[in-house]
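See structure below.
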Amino acid sequence: MAELDFERSLERLFAEAPYFSDGEAFAQKVEGRLDRGWNMRRWLIGCAGVVGGVVGVSQLVMSNVVHRVETVSAGSSRVLKAGIAQVRPSFDLLSLVQSDWAVVWVASALAVVAMGFVLTRVIEEI
Amino acid sequence: MTGSQHRFASLHDVELATLAATGERRAFGELVRRHGSAVRGLLRRMGAAPAEADDTAQDAFLAAFEGIAEYRGEGAFQGWVKRIAARQYLRRLQRERRLADLAVAAEEGEPDVSDPDTAGRIDLDGALKALTAPERLCVSMCYGAGLSHAEAAEALNLPLGTVKSHVKRGLEKLRARLAPPDGALEGRQGNG
């Protein structure tokens, strides 16, 4: 029993923190190191994003993707127009945007991105 | 005290840890202010030199910030970060190949056996100087960092029986220096 009491007393003695006059300076050093690590991480992520963006754009340009999208858009436009003409021959809404179907594809892509953002926010809220 | 420090000063450790888990570094800074001395003190009691103890304590707090999501408030934050610090110190000793030397220095070390505090003050830090390095390490890990004998043995890479022996011998020496003749350790103040 005496042994147990002594061990408990020893634990209490260990729990008493000694006083350090430079406690505030120590805390500031730790905060400084945290800030440096955080800033470095942000820079790394930013640089990786920029490099990734540059590589992605260069790949798009190199693969002549704009021309391909235009070709696909033109084909899709014909199919859509034919389909709509069969359903409602008098409906000519598509003529409003027929000058450039790439706009429709870009808008669709933006809508998908927007949906992605919304979903991310919803998941975060949950 | 800055505005953010004042705001965080009234929060509980668990609330601060929750904020820190969201990336709030100033909240974690408040935890460092509260528990920095305890962690630095533990490392010195384990046998680290002051500069080494402070470096290790800084590393321990950074590691704690990285793993703050693992702290779920089930125990005291101080105990959690002390265990991290104790393990960090052992890793440092291992990295510098000092742990093995320390472990075999059990009987060779010449501890400081100067007179106990004649004023009767309970001086844990002074009493710990009477222990050999492994005894001091084992006692501090078990009674200061709250590790079990088995956890200490695993962390030190020593047989369980060896750790128990170090702890037993260390406790005997501490008892001889700390426990007053009437056996009443309670109610005494301060440990330096």
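In what follows, every heavy atom counts, from backbone to side chain, and hydrogens, waters and symmetry copies are set aside. To find a chain, count down the sequence lines: A is the first, B the second, and so on, and within it residues start at 1.
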Task: Minimal non-hydrogen separation, Gly29(B) against Ala27(A), with atom names - done: O-CB, 4.4 Å

Open item on the list: Evaluate Asp55(B) against Lys29(A) for salt bridge (charged side-chain N to carboxylate O under 4.0 Å, His left out), listing each step before the verdict.
Closed with: CA-CA 10 Å; Asp55(B) 284 350; Lys29(A) 273 185 199 165; over 6 Å; no

- [ ] Taking the side chain as every heavy atom from C-beta outward, state whether Gln28(A) and Arg33(B) have any atom pair closer than 4.5 Å.
- [x] yes

Open item on the list: Connecting only ILVMFWY residues whose side-chain heavy atoms lie within less than 4.5 Å of each other, what is the rest of Val51(A)'s hydrophobic cluster?
Closed with: Val55(A)

TODO: Identify the two heavy atoms, one from Ser37(B) and one from Pro18(A), that lie closest to each other, and give their separation to 0.1 Å.
DONE: CB-O, 3.4 Å

Open item on the list: I need the Leu34(A) CG to Phe61(B) CZ distance, nearest 0.5 Å.
Closed with: 10.5 Å

- [ ] Verify the cluster assignment for Leu160(B) and Tyr143(B): are they in a single hydrophobic cluster under the rule of side-chain heavy atoms below 4.5 Å apart?
- [x] no

- [ ] Check the hydrophobic clustering (I, L, V, M, F, W, Y; side-chain heavy atoms under 4.5 Å; chains of links allowed) and say if Leu11(B) and Trp80(B) are grouped together.
- [x] yes

- [ ] For chain A, find which of Arg40(B), Gln58(B), His35(B) contributes the most heavy-atom pairs closer than 4.5 angstrom.
- [x] Arg40(B)

Open item on the list: Using heavy-atom distances under 4.5 Å, tell me whether Leu31(B) contacts chain A through its side chain, its backbone, both, or neither.
Closed with: neither

Open item on the list: Under 4.5 Å from any heavy atom of chain A, what part of Ala57(B) do you find: side chain, backbone, both or neither?
Closed with: both

- [ ] Kindly indicate whether the side chain of Glu3(A), heavy atoms from C-beta on, has any atom under 4.5 Å from the side chain of Leu171(B).
- [x] yes

Task: Note: Glu31(A)-Arg25(B) ion pair, threshold 4.0 Å (strictly below) - done: no

Open item on the list: Tell me which of these, Gly146(B), Gly79(B), Ser140(B), Gly36(B), has more heavy-atom pairs under 4.5 Å with chain A than the rest.
Closed with: Ser140(B)

Task: Within-4.5 Å side-chain heavy-atom neighbours: Leu174(B) and Glu7(A) - done: no

Open item on the list: Please determine whether a side-chain nitrogen of the Lys or Arg among Arg41(A) and Glu66(B) lies less than 4.0 Å from a carboxylate oxygen of the Asp or Glu.
Closed with: yes

Open item on the list: I need the minimum non-hydrogen distance between Phe26(A) and Asp54(B), along with the two atoms involved.
Closed with: CE1-O, 3.6 Å

Task: Test item: Arg45(B) side-chain N/O and Phe14(A) main-chain N/O as donor-acceptor pair under 3.5 Å - done: yes

Open item on the list: Assigning hydrophobic clusters by single linkage (Ile, Leu, Val, Met, Phe, Trp, Tyr; side-chain heavy-atom cutoff under 4.5 Å), is Phe6(A) placed with Leu131(B)?
Closed with: yes

Open item on the list: Show me the pairs that pass salt bridge (Lys or Arg N to Asp or Glu O under 4.0 Å) and involve residues 144-157 of chain B, at least two apart or across chains.
Closed with: none

Task: Contact leader toward chain A among Val39(B), Val139(B), Leu42(B), where contacts are heavy-atom pairs under 4.5 Å - done: Val139(B)

TODO: Examine Val14(B) and Ile68(B) and state if one hydrophobic cluster contains both, with Ile, Leu, Val, Met, Phe, Trp and Tyr joined whenever side-chain heavy atoms are less than 4.5 Å apart.
DONE: yes

- [ ] Please examine the side chains of Phe20(A) and Arg44(B), heavy atoms only from C-beta on, and report whether any two atoms are closer than 4.5 Å.
- [x] yes

